[in-house]
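Single-structure report; data block below.
Order of listing sets the numbers, starting from 1, for every ligand and every atom in it.
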Amino acid sequence: MLIKTNDMFRMNNFCFIIKSMLKKYGLILVLQFLVCFKSYSNNGYRLWLQYSYIENEQIRSNYQSTIKRIIPLGDSETINVGLKELELGLNGMLGSGFLADTENMVANSLMFGSRTSLNEDIIRQLGNAFNEINNEGFIIKTILIKGKNHIVITGKTDVGVLYGVYNFLQLLQTNKSIEKLNIIDSPKLKIRVLNHWDNLDRTVERGYAGSSIWDWHRLPDYIDQRYIDYARANASIGINGTVLNNVNANALILAPKYLEKVEALATVFRPYGIKVYLTARFSAPIEIGGLETADPYDPEVIKWWSDKTKEIYNRIPDFGGFLVKANSEGQPGPQNYDRNHVDGANMLAGALEPFGGIVMWRAFVYSEHDTTDRAKQAFSEFVPYDGQFKDNVLIQVKNGAIDFQPREPFHPMFGAMPKTPLMMEFQITQEYLGFSTHSIFLPKLFEEVLKADTYREGKGSTVAKDIDGSLHNKKLTGIAGVSNIGNAINWTGNTMLQANWYGFGRLAWNPYLTSEEIAEEWLRLTFSNNDNFVKPVKNMMLNSREAVVNYMTPLGLHHIMDTGHHYGPGPWVSNLSRPEWNPVYYHKADSLGIGFDRTPTGSHATAQYAPEVASRFNNIETCPEEYLLWFHHVPWDYKLKNGETLWDGMALKYQEGVNEVAAMINTWEDMEPYVDEERFNEVKMLLHIQYKEAKWWRDACLLYFQQFSGKELPQGVEKPTKTLDYFQSLKFPFAPGN
Ligand code: GCV
């Protein structure tokens with residue numbers, strides 16, 4: 001049952017109230033109250049697995065007559081998880097005693113089990129379907145046995161069946177028809193992982209939803225119910241791996257004391273098809289192994305990693321592998337020993353190879369000793385190594401070449417390494433997008449990147465095709481999302497941001513889904529199937545990404561957040577030790593104009609794209625305006641496509657962003673009748689903070705840039721109520737996530 005410890009106090013009170021009411025008012029009235037209560041108390045813990053009672057009688061009775069029995073075929077841990085989920089879901093949505101019954105098959109049974117558990121008649125009725133799915137795929141089909149209808153959920157593996165079970169429950173939750181079912185689906189990417197930037201002391205780097213959910217101190221003996229619900233939520237959207245700890249790694253995670261704890265988590269996650277991965281600190285052989293070097297060519301170092309890997313697999317036979325941040329932002333790596341990324345990654349890959357493990361080696365590198373444009377450095381460093389990595393290495397590449405900005409052009413490495421598996425790294429947590437206070441629907445951003453055309457094999461060579469392997473026939477494929485999860489009651493610190501975890505999982509399963517489909521699914525699962533709610537809130541979500549671009553970094557501006565914590569505007573910051581840590585490095589505003597010239601007259605970063613893309617970006621006339629200041633230093637009087645000058649257009653974009661948040665508030669206010677009080681108020685309060693902060697962004701940035709443009713604010717832009725000095729004086733020493 002999904003009653004949590006933090007709900008217990010409330011539940012005790014609740015039981016007391018119900019008992020008193022029963023005495024006073026009798027059963028019927030109390031039942032009516034309970035129906036109302038259901039929709040008026042919700043702390044968001046249940047995410048998109050609400051399994052709320054289906055109020056529409058026709059739909060509910062239709063489902064009830066189509067599902068009379070649940071029949072598990074098999075008895076594995078994973079099938080038992082599926083059974084529990086079906087019982088929970090069906091009892092919640094249909095409100096009557098659904099329990100497993102393997103003895104009595106009646107008409108309209110719901111059977112689920114892998115191919116090996118099915119009889120020949122069923123297999124025959126499934127026809128070719130098994131040839132159309134991969135090992136994690138599923139089939140949901142209405143079949144006939146002795147003239148009676150039944151539903152079968154199956155796959156090649158039990159995990160595939162479990163994915164089918166969740167998919168089936170989602171059909172009901174979204175009130176879809178379950179007549180004549182014939183659904184065949186498989187994930188398009190192999191590795192679908194969350195990256196937790198969680199530290200062993202339970203702080204979370206760039207985490208804005210409380211502390212880490214991993215209670216290392218009480219592990220391995222104490223298994224928090226959250227671990228199970230985390231696994232359920234991930235399995236329900238097809239996420240099949242989790243990297244438990246921060247890429248800025250602590251070597252201790254590899255010590256026996258911690259491996260015991262990791263093993264306990266792996267045991268919880270296994271039935272849900274979720275593998276555990278760890279980050280490997282490159283200097284671990286020195287720090288916890290007592291060696292004097294971590295040189296990847298040193299035989300003792302090679303042996304240390306190979307023994308360590310064996311030790312891990314002895315505990316966790318299905319361990320996924322290592323994620324590594326090396327020679328990046330001060331982390332140790334092979335370059336400390338005059339070796340390169342290939343040497344480092346292949347050494348670890350060699351240790352993992354006998355066990356089927358993988359290395360995810362990050363390409364997020366830029367050096368204080370390299371004076372070239374930061375945006376060029378990862379490409380320059382990695383692309384020459386194409387084809388040199390072992391088969392079990394993936395290079396993990398952020399969606400853009402700088403760092404998870406509200407908008408970046410796609411990373412030029414995509415499409416440019418035909419012989420090397422590249423996995424996408426998205427950031428689900430909102431380091432640069434207002435933290436968990438700002439309700440931004442990120443699948444819109446993810447979709448934009450996945451659809452971007454690299455032109456590497458001609459038109460249509462999208463980023464999605466590179467990461468799903470189809471562009472260059474790559475076998476190993478993957479995607480990672482930097483988690484936005486913490487121990488907040490609602491997991492993400494803002495119910496609306498659960499959609500970003502959900503949406504990441506859905507795109508990891510199928511990178512060709514649209515953000516609109518995802519928003520609609522999530523809203524129906526999480527809140528309501530009422531179109532009066534779904535339509536306006538879906539629009540609000542779909543516009544929210546453009547709003548944040550407008551009020552923070554319109555027209556291609558980037559990395560102008562305040563320093564360190566990245567909270568709020570800081571375009572004036574210019575005093576940090578490394579030039580590329582300073583916002584002034586990125587916007588380059590002066591009396592002539594603003595923007596970073598990355599064309600042949602500037603850093604020539606555009607040369608890292610395919611010629612078709614490069615020439616479009618190079619030419620100020622053809623460069624999409626949303627990337628204008630990313631690629632060009634543009635005069636303040638330059639005429640934008642709509643006829644406005646750059647200065648006026650930029651100021652109006654900032655205002656537009658603010659107006660968009662005001663519109664979000666209006667939309668949400670109208671939703672009160674459709675949302676439980678708790679979540680309604682939570683989202684409303686957060687939207688009001690977002691509005692305040694959007695105005696702060698607008699005023700601070702415009703006052704600062706106005707010093708260079710020397711121009712008045714155009715009509716339609718509200719006058720700032722504070723001075724630039726005021727904005728520059730703001731300090732946030734305890735901003736979260738640092
Ligand atoms: C985990 C950015 C963030 C860092 C993060 C780094 C990375 O620089 O500010 O907190 O470190 O990216 O992705 O490794």
Atom 9 (O) of ligand 1: closest protein heavy atom, distance to 0.1 Å, is Glu431 OE2, 2.5 Å
query: Using the ring of each side chain (for Trp, its six-membered ring), is Tyr609 parallel, tilted or perpendicular to Phe410, with breaks at 30° and 60°?
result: perpendicular
Minimal heavy-atom distance between Leu422 and Asp466, with the atoms involved, is CD1-OD2, 3.7 Å
Any heavy atom of Trp197 under 4.0 Å from ligand 1? The part involved is side chain
Among non-hydrogen protein atoms, atom 2 (C) of ligand 1 lies closest to Asp403 OD2, 2.9 Å
Note to self: Side chains of Asp403 and Tyr432 only: does a donor on one sit below 3.5 Å from an acceptor on the other?
What the structure shows: yes
Check residues 445-454 and write down every donor-acceptor pair under 3.5 Å in which the side-chain atom is one partner and the other belongs to a residue at least two apart or another chain.
from	atom 1	to	atom 2	distance (Å)
Glu447	OE1	Ser515	OG	2.6
Glu447	OE2	Lys451	NZ	3.0
Glu447	OE2	Ser515	N	3.3
Glu448	OE1	Arg407	NH2	2.9
Glu448	OE1	Arg545	NH1	2.9
Glu448	OE2	Arg407	NE	3.0
Glu448	OE2	Arg545	NH2	3.2
Asp453	OD1	Tyr455	N	3.0
Asp453	OD1	Gly460	N	3.4
Asp453	OD1	Ser461	N	2.9
Asp453	OD2	Gly460	N	2.6
Thr454	OG1	Arg456	N	3.2
Thr454	OG1	Ser461	O	2.7

**Message:** Quick test of your reading of the model: are Glu431 and Arg206 salt-bridged, counting only N-O distances below 4.0 Å?
**Reply:** yes
Quick note on ligand 1: atoms under 4.0 Å from a heavy atom of Arg206 include exactly 3 (C), 4 (C), 9 (O), 10 (O)
the protein heavy atom lying closest to atom 4 (C) of ligand 1 turns out to be Glu205 OE2, 3.4 Å
*Fit a plane to each ring of Tyr704 and His587, take the angle between them on a 0 to 90° scale, and name the class: parallel (under 30°), tilted (30 to 60°) or perpendicular (over 60°).*
perpendicular
Note: ligand 1 atoms sitting under 4.0 Å from heavy atoms of His566 are 9 (O)
One finds that the ligand 1 atoms under 4.0 Å from a non-hydrogen atom of Phe364 are 6 (C), 7 (C), 8 (O), 12 (O), 13 (O), 14 (O)
Self-check item: Gln331 to ligand 1, any heavy atom closer than 4.0 Å
Solution: no
- Does any N or O atom in Glu425 lie less than 3.5 angstrom from one in ligand 1, N or O only? no
If you scan protein heavy atoms around atom 14 (O) of ligand 1, the nearest is Lys325 NZ, 2.6 Å
Taking the six-membered ring for Trp and the full ring for Phe, Tyr or His, determine whether the centres of Trp696 and Phe732 are under 6.0 Å apart.
yes
task = Decide whether Asn250 and Asn245 meet the rule of one side-chain donor and one side-chain acceptor closer than 3.5 Å.
result = no
shortest atom 6 (C) of ligand 1-to-protein heavy-atom contact is with Glu329 OE1, 3.3 Å
Filtering Asn195, Asn248, Thr279 for the heavy atom nearest atom 1 (C) of ligand 1 leaves Asn248
State whether Asp215 and Arg218 are salt-bridged, where the test is any N-O pair (Lys NZ or Arg NE/NH1/NH2 against Asp/Glu carboxylate O) under 4.0 Å.
yes
message = If we only consider heavy atoms of Lys398, is any one of them less than 4.0 Å away from an atom in ligand 1?
response = yes
